[in-house]
Amino acid sequence: FAATMGWTASMVVGQVIWAVAAMAAPPHILFIVSDDLGFNDVSHHGSPQIPTPNIDAIANRGLKLMNYHVQPVCSPTRSTFMSGRHVIHTGIYMPFAQGGALRLHLNYTLLPQYLKRCCNYSTHMVGKWHLGQNVMAALPIGRGFDTYLGYWSGAEDYYTHDTKGAYDFNDDTAPASLRPAIEFNDTYSTYTFTQRAVDIISTFSTASEQKMFLYLPYQNVHWPLEAPQSYVDEFSKIPGILDSRAHVCAMAKVMDDGIANVTAALKRAGIFDDTLVIFSSDNGGPTHGDEGTASNNFPLRGGKNTIWEGGTRVVGAIAGPGIPTTGATTYTMFHATDWLPTLVSMAAGREWTDFISPAEPKYELGDGINLWPVLTGAVTDSPRQWLLLECHPDGQSIVHGNAFIYGDMKIVKLGDTHPQAENGNFPPTGVADPDSVDYLLKCGDGKPRIGPFDASQCTKEYCLFNITADPCEYTDLAKAMPEVVEDLKAKLAPFQATAVPPVQPEGCLPVQIPVGGDGGVAWQPCDAPHA
């Protein structure tokens, strides 16, 4: 069992090379992330409320990843995207607070750095970072991106870009040029991010010597619930919809329209057919009023900050060179940690491990696996037969808890962080008959369950669910199948043995500097030249 769980997939190295051998050169890469988007907040999953034709277009010309898991909340997932390392090894279990000294360890090589090392990519980031901001080396331009426009923190006003009393919106260029971009004050962030992405794409063409890696993590649909009024008005007309839900719908729609502009830019540049496009949410949407917002994961159980399926099973799609163009739905397991090894192996045409520096901290059991040959269809037997959502050593009921999937079965034991508002199956407001909605993911036969679960369930002992037959986690099988629980606990133990405590602050705190000449201040790292 241990051999099949390791981060190296030596059994498929030959297929990796075969699968990309037809590519004369690596493709451009566009990696789009939505913040707090619900599993069923896209129309290709069956949402009757939000038309998302441009996100759908990615899924419908490539693969819909229907068994794709991330971490339950923001910074943890983004750290796995960038590092290929599981949160049990980075210690990033919860989001970073603004103004602190938490960061993704500086000795890790990140995805843009690997793409430069293997294949000389030109690397750009537009949007939300949330992986550290206290020192220059922790910023995007210190972690491998050539340019960056966006905000370093976790949540801020979409128009004023204020968080905790200071401006957080920078326009930076490697190696060390920082500039608070105050000209974007009062401009909705989605418009700004989309235009910068379009501008970056326009600098590339079929004749470009370098390929583009563009990481585009939008602010939408994270609170505060803000969208242009015309979008809000469109959804406020839905009978029975709450204002919070209308705003989430509007925020998803304006993001989808932005993706339309980005897609059009790829076509104008002549690189659309030579661009691998990925779309992902960073965690399950907060639902049922949690955090004052209203995403839609129904009929899945749970949402953001939980290790129920609604907290970690998210929208995922991939399309472009090497990916089948059928719009197929795949239930093959895929985890957020897998993007780094998969994309680097794809781009290089050989196993990503060839590019690991001797000085790199070792990768461990639970870190990412190269699944490029699985995505392309070159192999049918995936090396990923398990999904680790989170774990801690026995006796430590901390953070979200322990959750592990092997094959069809999932064990869950909740930790300290499990908002009870999310513990149930909650349809969105404005849907007159939730039973009639034809969602792509079904929860078995019969009508979907609606309502909360007992708050004490899975807090003292492990629960067991067959998430293939019961993806909505209705029926705990632990008492009926105790031997399966024990088997999965034994399989989980090697991961628990490598789990580290939560990451601790390092170094000085970010500072606020005067900007604009009108008494305004902006967040900057403490070691910046103008700090």
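Here the structure is a predicted model, which means the values were calculated and not measured.
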With His45, the ring pair (Phe, Tyr, Trp, His ring centres under 6.0 Å) member among Phe298, Phe39, Tyr439: Phe39
Are Lys237 and Asp233 ion-paired here, with the side-chain N under 4.0 Å from a carboxylate O? no
Tyr188 side chain reached by Tyr231 side chain, heavy atoms, under 4.5 Å: no
In short, Leu440 meets Lys64 closest at the heavy-atom pair CD2-CD, 4.0 Å
What one should report as the nearest heavy-atom pair of Thr90 and Ser83 is CG2-OG, 4.3 Å
If only atom types and distance count, is the side chain of Asn40 paired as donor or acceptor with the main-chain N or O of Asn296 below 3.5 Å? no
Hey, mind stepping through Phe279 and Ile259 against side-chain contact (heavy atoms from CB on, under 4.5 Å) and telling me if it holds? CA-CA 10 Å; Phe279 181 86; Ile259 292 170; 3.9 Å; yes
Considering only heavy atoms from C-beta outward, does the side chain of Leu441 approach that of Tyr331 to under 4.5 Å? yes
Measuring from atom NZ of Lys128 to atom CZ of Phe193, what distance do you get when rounded to the nearest 0.5 angstrom? 10.5 Å
Min side-chain heavy-atom separation Met255-Ile32 under 4.5 Å: no
Rounded to the nearest 0.5 Å, what's the gap from CG on Leu102 to OG on Ser75? Could you check? 8.5 Å
Give the C-alpha distance, both sets of side-chain angles, the deciding distance and a yes or no for side chain to side chain donor-acceptor pair (under 3.5 Å) between His28 and Gln210. CA-CA 9 Å; His28 302 280; Gln210 282 185 293; over 6 Å; no
Any chance you could measure Phe169, atom CZ, to Ser189, atom OG, to the nearest 0.5 Å? 6.0 Å
Does the side chain of Tyr151 come within less than 4.5 Å of His161's, by heavy atoms? no
Check whether Tyr114 forms a cation-pi arrangement with Arg117 (NZ or CZ under 6.0 Å from the six-membered ring centre, at most 45° off the ring normal). yes
Modelled atom types, side-chain donor and acceptor of Thr287 and Ser295, under 3.5 Å: no
With a 4.5 Å heavy-atom cut-off, do Leu375 and Thr330 have their side chains touching? no
Measuring from Phe213:CZ to Lys211:NZ, what's the distance to the nearest 0.5 Å? 15.0 Å
Answer yes or no: is there a side-chain heavy-atom contact under 4.5 Å between Glu156 and Gln219? yes
Hey, mind stepping through Gln71 and Ile92 against side-chain contact (heavy atoms from CB on, under 4.5 Å) and telling me if it holds? CA-CA 10 Å; Gln71 297 309 123; Ile92 301 176; over 6 Å; no
Under the criterion side chain to side chain donor-acceptor pair (under 3.5 Å), I'd like the reasoning laid out for Asn261 against Thr194: C-alpha separation, chi angles, the key distance, then a yes or no. CA-CA 7 Å; Asn261 292 343; Thr194 297; 5.7 Å; no
Would you name the heavy atoms of Ala348 and Phe355 that are closest together and state the gap between them? CB-CE1, 3.4 Å
Return the CG to CG distance between Asp172 and Asp146, rounded to the nearest 0.5 Å. 12.5 Å
Does Lys304 come within less than 4.0 Å of Asp36, counting only side-chain N to carboxylate O? yes
With side chains defined as the heavy atoms from C-beta onward, is the minimum distance between Tyr148 and Leu139 less than 4.5 Å? no
If you take all heavy atoms of Arg85 and Thr80, which pair is closest and at what distance? O-CG2, 3.3 Å
Derivation and outcome, side chain to side chain donor-acceptor pair (under 3.5 Å), residues Glu209 and Asn120: CA-CA 9 Å; Glu209 292 185 4; Asn120 192 33; over 6 Å; no
Are Glu234 and Lys253 close enough, and set up right, to give a salt bridge (charged side-chain N to carboxylate O under 4.0 Å, His left out), and what steps lead you there? CA-CA 10 Å; Glu234 176 183 349; Lys253 184 64 172 67; 5.5 Å; no
Do Trp339 and Tyr215 make the cut of ring centroids closer than 6.0 angstrom? no
Matching residue for Ser345 among Thr353, Asp354, Asn370 - test: side chain to side chain donor-acceptor pair (under 3.5 Å): Asn370
side-chain contact (heavy atoms from CB on, under 4.5 Å) evaluation trace for Val135 with Arg103: CA-CA 9 Å; Val135 294; Arg103 64 195 187 212; 3.4 Å; yes
Between Thr293 and Ser244, is the side chain to side chain donor-acceptor pair (under 3.5 Å) condition met? List the steps. CA-CA 6 Å; Thr293 185; Ser244 58; over 6 Å; no
Passes side-chain contact (heavy atoms from CB on, under 4.5 Å), Phe96 versus His130? Steps please. CA-CA 7 Å; Phe96 294 165; His130 212 190; 4.0 Å; yes
Does the side chain of Asn283 pick up a donor-acceptor pair with the side chain of Thr77 at under 3.5 Å? no
Nearest atoms (heavy-atom pairs only) where Pro53 meets Ser43: N-OG, 4.4 Å
Asp168-Ser153 side chain donor-acceptor pair, cut-off 3.5 Å: yes
For the pair His105 and Tyr108, name the ring-plane relationship: parallel under 30°, tilted 30 to 60°, perpendicular over 60°. perpendicular
Ion pair check, Asp41 and Arg245, cut-off under 4.0 Å: yes
Is a side-chain donor-acceptor pair under 3.5 Å present for Asp256 with Asn54? yes
Between Ala174 and Ile141, the two heavy atoms sitting closest are N-CG2, 3.8 Å
Are any of the side-chain heavy atoms of Val277 and Phe272 separated by less than 4.5 Å? no
Between the CG atom in Asn170 and the CZ atom in Arg179, the distance rounded to the nearest 0.5 Å is 8.0 Å
